K.L.:
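Starting off with a structure, shown below.
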There are 2 protein chains.
Amino acid sequence: MDITRETTTVTTGRRAQGERTRQAILETAVDIASAEGLEGLTIGRLAARLSMSKSGLFAHFGSKEDLQLATIEAARAIFIHEIIRPAFEAERGMPRLWKLCDIWLSYVQGGVFSGGCFFAAAAAEFDGRPGPVRDRIAEIMKEWLDTLRRAVVESQEAGQMERDVDPAQLAFEFNSFELGANWSFQLYGDKQAFARAREAILERLRRYSTLSGSSLLPPPKEKRRSRARAR
Amino acid sequence: MDITRETTTVTTGRRAQGERTRQAILETAVDIASAEGLEGLTIGRLAARLSMSKSGLFAHFGSKEDLQLATIEAARAIFIHEIIRPAFEAERGMPRLWKLCDIWLSYVQGGVFSGGCFFAAAAAEFDGRPGPVRDRIAEIMKEWLDTLRRAVVESQEAGQMERDVDPAQLAFEFNSFELGANWSFQLYGDKQAFARAREAILERLRRYSTLSGSSLLPPPKEKRRSRARAR
DNA sequence: AGTTGTATAGCACGAACGTTCGTCTTAAAC
DNA sequence: GTTTAAGACGAACGTTCGTGCTATACAACT
């Protein structure tokens with residue numbers, strides 16, 4: 001409560017230009033980083049894209065690492081705003097679980113970040129470089145995995161999913177499908193990968209559902225066979 | 001045979017020295033690249049690790065891109081030697097399909113490359129940078145995906161797997177599990193991820209198997225369970 | 001013995017990197 | 001109207017990058 005008031009007081013009372021510029025920088029930074037990586041996110045390139053001087057831009061962050069960390073936070077905010085929040089408007093349980101996966105796939109497909117999933121790329125880039133950046137990425141991805149796992153648990157608690165399903169196992173599998181779809185799309189431009197991921201996820205949701213023909217999930221595709229032939 | 005003698009004898013000929021050095025360079029290059037990425041694979045660092053001069057090393061390759069491409073080929077050779085070849089010793093059909101997945105997981109777990117799967121890392125790094133390097137990586141990963149898909153088809157032809165399974169779909173799912181396990185292990189050091197991937201793959205193989213309780217696959221539960229707990 | 005060709009080293013280059021510094025502008029505070 | 005400080009700038013730092021040129025050590029062949 002105090003914090004929000006504090007920030008508004010500062011921004012309106014004092015010159016708001018600094019924070020506004022910083023925000024514009026981070027917006028561009030997220031875009032560059034998702035395509036070129038957090039290391040390819042260069043201060044010079046960033047400054048050029050924003051028609052700023054390197055030094056003027058750099059003054060907003062104490063170091064390159066700080067810039068990377070701030071960029072990660074900005075990407076997390078977008079992720080929460082674009083995926084978590086809308087998915088949580090769905091009813092707790094299987095609908096929410098499905099919507100989490102569905103929206104995630106849509107957000108990669110729709111190109112919210114031009115380089116695919118920001119965190120998948122960042123994780124692959126930094127998984128071998130210890131430090132605060134890697135730690136923060138790992139934390140955020142664990143948040144996501146935990147959100148999936150909790151949605152599975154809640155599905156079971158709501159009596160919508162069989163109880164002998166291991167939530168962590170299912171979360172692992174769903175996350176893997178998303179990584180797989182992202183990988184296939186980024187490397188081959190293969191849009192069909194999203195359909196494959198959705199099919200894999202839905203197949204499992206239906207199989208573990210306690211309600212046969214549940215209206216909690218979208219209706220099954222008609223002839224899966226004929227579609228598979230056309231390739 | 002010759003190689004052991006070669007190392008002891010210096011008089012193998014000046015002309016053979018070049019290729020031998022080149023091979024030693026690539027061996028180290030693959031290791032560095034798997035951990036630091038193909039861009040982090042720096043000529044200076046590589047030369048330092050090998051106690052060579054930058055220029056002397058550089059002379060073996062016309063450009064950095066050539067070095068990257070040569071490193072990719074070296075990694076592919078290792079991949080074929082360590083995974084494809086031993087898996088193809090298994091009987092064509094489900095045993096081979098399973099062994100492909102199983103060995104892949106073992107090879108990441110065993111740390112053949114210190115940065116996890118070389119190609120998963122390279123694909124993530126280059127998926128947004130057009131050029132020969134990216135193209136070659138995409139080709140090689142397609143080879144792998146195709147190997148999986150063909151193993152599925154052969155399982156069906158051998159009458160071991162239900163025919164209404166879409167081979168490309170199953171290959172996508174298995175590849176996703178492998179990417180997921182690699183991701184989880186690299187980011188969290190989570191060895192349990194390999195057990196999860198194996199469980200997911202085996203579950204599907206058993207479900208689609210035409211032979212219930214098939215001896216073509218490892219037996220369910222038992223040791224794998226207790227092993228998964230010990231972490 | 002002298003020539004030739006290969007393998008490596010030495011050195012320097014231009015560019016780009018992250019970073020620091022001093023300076024100018026300008027809106028707000030007094 | 002003067003003072004203050006935030007914000008942006010240009011120049012330069014030292015380092016590392018990839019990449020050329022040139023020289024040398026040595027095996028092979030004439």
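No experiment lies behind these values; they were computed from the predicted model shown. We use all heavy atoms of the structure for the numbers below, so side chains are in, but hydrogens, waters and symmetry mates are not. Each chain gets a letter, A, B and so on, in the order its sequence line appears, and its residues count up from 1.
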K.L.:
Would you say the side chains of A:Ser155 and A:Arg150 form a donor-acceptor pair under 3.5 Å?
P.N.:
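Per modelled atom types, A:Ser155 and A:Arg150 side chains form no pair under 3.5 Å.
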K.L.:
Say whether, by atom type as modelled, one donor and one acceptor occur between the side chain of A:Asp190 and the main chain of A:Ser184 under 3.5 angstrom.
P.N.:
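No; judged by distance alone, with no hydrogens or angles, the pair does not exist.
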K.L.:
Figure out the CZ/P separation between A:Arg20 and C:dA27, and round it to whole Å.
P.N.:
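So the CZ-P distance, A:Arg20 to C:dA27, works out to 12 Å.
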K.L.:
Taking the six-membered ring of A:Phe177 as reference, does the NZ or CZ atom of A:Arg196 fall below 6.0 Å from its centre and within a 45° cone about the axis?
P.N.:
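Not satisfied by the 6.0 Å and 45° rule.
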K.L.:
Please say whether the positively charged group of B:Arg129, taken as NZ for Lys or CZ for Arg, lies over the ring of B:Phe126, i.e. under 6.0 angstrom from the six-membered ring centre and within 45 degrees of the axis.
P.N.:
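So B:Arg129 does make the cation-pi contact.
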K.L.:
Tell me whether A:Lys191 forms a cation-pi arrangement with A:Phe185, defined as NZ or CZ under 6.0 Å from the six-membered ring centre and within 45 degrees of its axis.
P.N.:
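Cation-pi check for A:Lys191 and A:Phe185: fails.
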K.L.:
Does either side chain, that of A:Gln23 or that of A:Glu27, offer a donor lying less than 3.5 Å from an acceptor on the other one?
P.N.:
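A:Gln23 vs A:Glu27: no donor-acceptor pair found between side chains.
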K.L.:
Between the protein and nucleotides 19-21 of chain D, list the N/O to N/O atom pairs that are separated by less than 3.5 angstrom.
P.N.:
from: D:dT19; atom 1: OP2; to: B:Lys64; atom 2: N; distance (Å): 2.5

K.L.:
Just to verify, what does A:Arg85 make a salt bridge (charged side-chain N to carboxylate O under 4.0 Å, His left out) with, not counting sequence neighbours?
P.N.:
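A:Arg85: no salt bridge (charged side-chain N to carboxylate O under 4.0 Å, His left out) contacts found.
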K.L.:
Please report, rounded to the nearest Å, how far the P atom of D:dC17 is from the CD atom of B:Gln68.
P.N.:
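That distance rounds to 14 Å.
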K.L.:
Whole angstroms only, please: what is the CG-C1' distance between B:Leu41 and D:dG18?
P.N.:
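That distance rounds to 12 Å.
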K.L.:
Does A:His60 have a side-chain nitrogen or oxygen under 4.0 Å from the phosphate oxygens OP1 or OP2 of D:dA8?
P.N.:
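For D:dA8, OP1/OP2 do have a side-chain N/O of A:His60 under 4.0 Å.
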K.L.:
Whole angstrom is fine here: how far is it from CZ in A:Arg22 over to P in D:dA6?
P.N.:
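So the CZ-P distance, A:Arg22 to D:dA6, works out to 15 Å.
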K.L.:
Reckon B:Ala59 touches a base, only the sugar-phosphate, or nothing at all at heavy-atom distances under 4.0 Å?
P.N.:
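Contact class for B:Ala59: base.
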K.L.:
Rounded to whole Å, how long is the line connecting atom CG of B:Leu46 with atom C1' of D:dG18?
P.N.:
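My rounded result for the distance is 13 Å.
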K.L.:
Rounding to a whole Å, what distance do you find between B:Leu50:CG and C:dA7:C1'?
P.N.:
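Value for this atom pair: 15 Å.
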K.L.:
Show me the protein contacts with nucleotides 14-16 of chain D, counting only N or O atoms at under 3.5 Å.
P.N.:
none

K.L.:
Are the side chain of A:Lys99 and the backbone of A:Glu91 linked by a donor-acceptor contact shorter than 3.5 Å?
P.N.:
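Looks like no, no N/O pair under 3.5 Å.
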K.L.:
Between A:Ile32 (CD1) and C:dC17 (P), how many Å, whole number?
P.N.:
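The distance from CD1 of A:Ile32 to P of C:dC17 comes to 11 Å, rounded to the nearest Å.
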K.L.:
Tell me the interatomic distance from B:Glu39, atom CD, to C:dC17, atom P, rounded to whole angstroms.
P.N.:
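Distance check: B:Glu39 CD to C:dC17 P gives 12 Å.
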K.L.:
Going by heavy atoms in the side chains, are B:Met94 and B:Trp98 under 4.5 Å from each other?
P.N.:
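A side-chain contact is absent here, since even the closest heavy-atom pair is not under 4.5 Å.
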